[in-house]
Amino acid sequence: MGSWCSSGNRHVATEGGIPKAMTFQQRHLLDIESLTVDELTTVFDLADRFLEISERPIKKVPTLRGRTVVNLFMEPSTRTRVSFEVAEKRLSADSVNISASGSSTSKGETLLDTVRNIEAMNPQILVVRHGEAGAPHFIADRVDAAVINAGDGAHAHPTQALLDCATMRRALGSIRGREVAIVGDIAHSRVARSNMVALSKLGARVRVSGPRTMLPPHLEDFGVEIVDSLPQALEGVDVVMMLRIQAERLGNKCLFASTREYARTFGLTNATLELTKPEAIVMHPGPINRGVEMAPEVADGPRSVILNQVTYGVAVRMAVLYLLAGSPPVE
Ligand code: ASP
């Protein structure tokens with residue numbers, strides 16, 4: 001998958017550089033449930049356009065010049081935080097980063113007071129990561145700025161699902177009718193939830209698997225098939241999405257016997273990967289626990305598009321920032 005960025009560019013009809021028939025009515029991006037299929041497609045088409053900008057020697061356009069974006073990260077993050085910041089800089093926005101440890105919440109200030117103070121400085125967009133499900137929705141109801149959910153508890157991670165689907169579309173040509181396996185700690189994964197919603201909307205057939213203790217109740221409501229074993233999940237699929245055990249959300253709960261046992265039962269190896277379609281791709285949102293949910297040779301192997309996901313992540317976030325900033329011209 002090495003020639004990812006420069007090969008297979010899909011043709012998108014454009015007008016002044018902007019994909020035609022752009023549909024996007026959202027004021028915030030809080031979850032995938034709120035988006036229509038046309039809006040999902042708008043983000044993917046626009047991301048393809050921004051991916052091309054990321055391949056240029058000078059990776060900067062003046063599109064969001066003069067706009068301020070505040071990245072409020074109240075939970076640890078590497079990829080998502082850096083990805084948003086790179087996306088903002090490539091669009092020439094002024095970006096400001098706030099983390100939990102460096103903010104006045106560590107001095108006892110409430111989230112609402114923190115946000116009201118940030119709002120008083122008139123940013124156009126707030127990117128919010130928070131350990132509590134619903135925190136970005138709570139903020140969105142109380143501010144004029146557009147709010148982007150960069151991951152809230154075990155609830156949602158919409159930009160991750162958008163970049164995952166964009167990566168799949170690019171690698172496979174289409175999503176409709178594709179078989180996708182999502183394996184691991186489904187119950188505590190916001191990535192799984194957002195992807196199940198997105199993939200069902202886009203017409204993929206999704207199978208999920210993991211230890212029974214890591215499958216949430218009412219999983220069928222997402223329109224997915226639940227299978228007990230890793231081989232059943234992998235049989236003939238086009239995409240394998242492996243997930244990390246969300247240890248930070250488990251508290252004292254002991255949901256599996258041991259890491260070794262988990263790796264033996266649900267860890268993806270080159271041998272189990274043989275069960276998929278020969279051209280199947282392997283995905284992971286990161287961070288990977290090598291040797292637990294995935295063997296290193298799979299993570300680094302020829303079917304892995306894990307780093308392509310990261311590359312696409314910047315383009316997808318540029319697209320989302322662009323759409324929520326009120327569609328200024330792409331130059
Ligand atoms: N980076 C993803 C998230 O923030 C996945 C993970 O942490 O396992 O949810």
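Predicted, not measured: the structure shown is a model, and the values here were computed from it. Indexing begins at 1, ligand by ligand and atom by atom, following the structure's order. Computed over heavy atoms, backbone and side chain alike; hydrogens, waters and symmetry mates excluded.
Cation-pi check for R317 over F84 is met; the charged atom lies under 6.0 angstrom from the ring centroid and within 45 degrees of its normal.
Of the candidates L202, L40, D45, D45 is the only one forming a side chain to side chain contact (heavy atoms under 4.5 Å, CB included) with R169.
Partners of H137 by ring-ring contact (aromatic ring centres under 6.0 Å, His included), not counting sequence neighbours, listed by chain and number: H155. When the side chain to side chain contact (heavy atoms under 4.5 Å, CB included) test is applied to E297, the partners found at least two apart in sequence or on another chain are N270, A295. Looking at residues two or more places apart in sequence or on another chain, you find a ring-ring contact (aromatic ring centres under 6.0 Å, His included) between F256 and Y262.
Sorted by chain and number, the residues within 4.0 Å of ligand 1 by heavy atom are R129, H157, R190, V191, R244, Q246, P285, G286, P287.
Around the CD atom of E132, the shell of radius 6.0 Å holds no more than 12 heavy atoms that belong to other residues, nucleotides or ligands.
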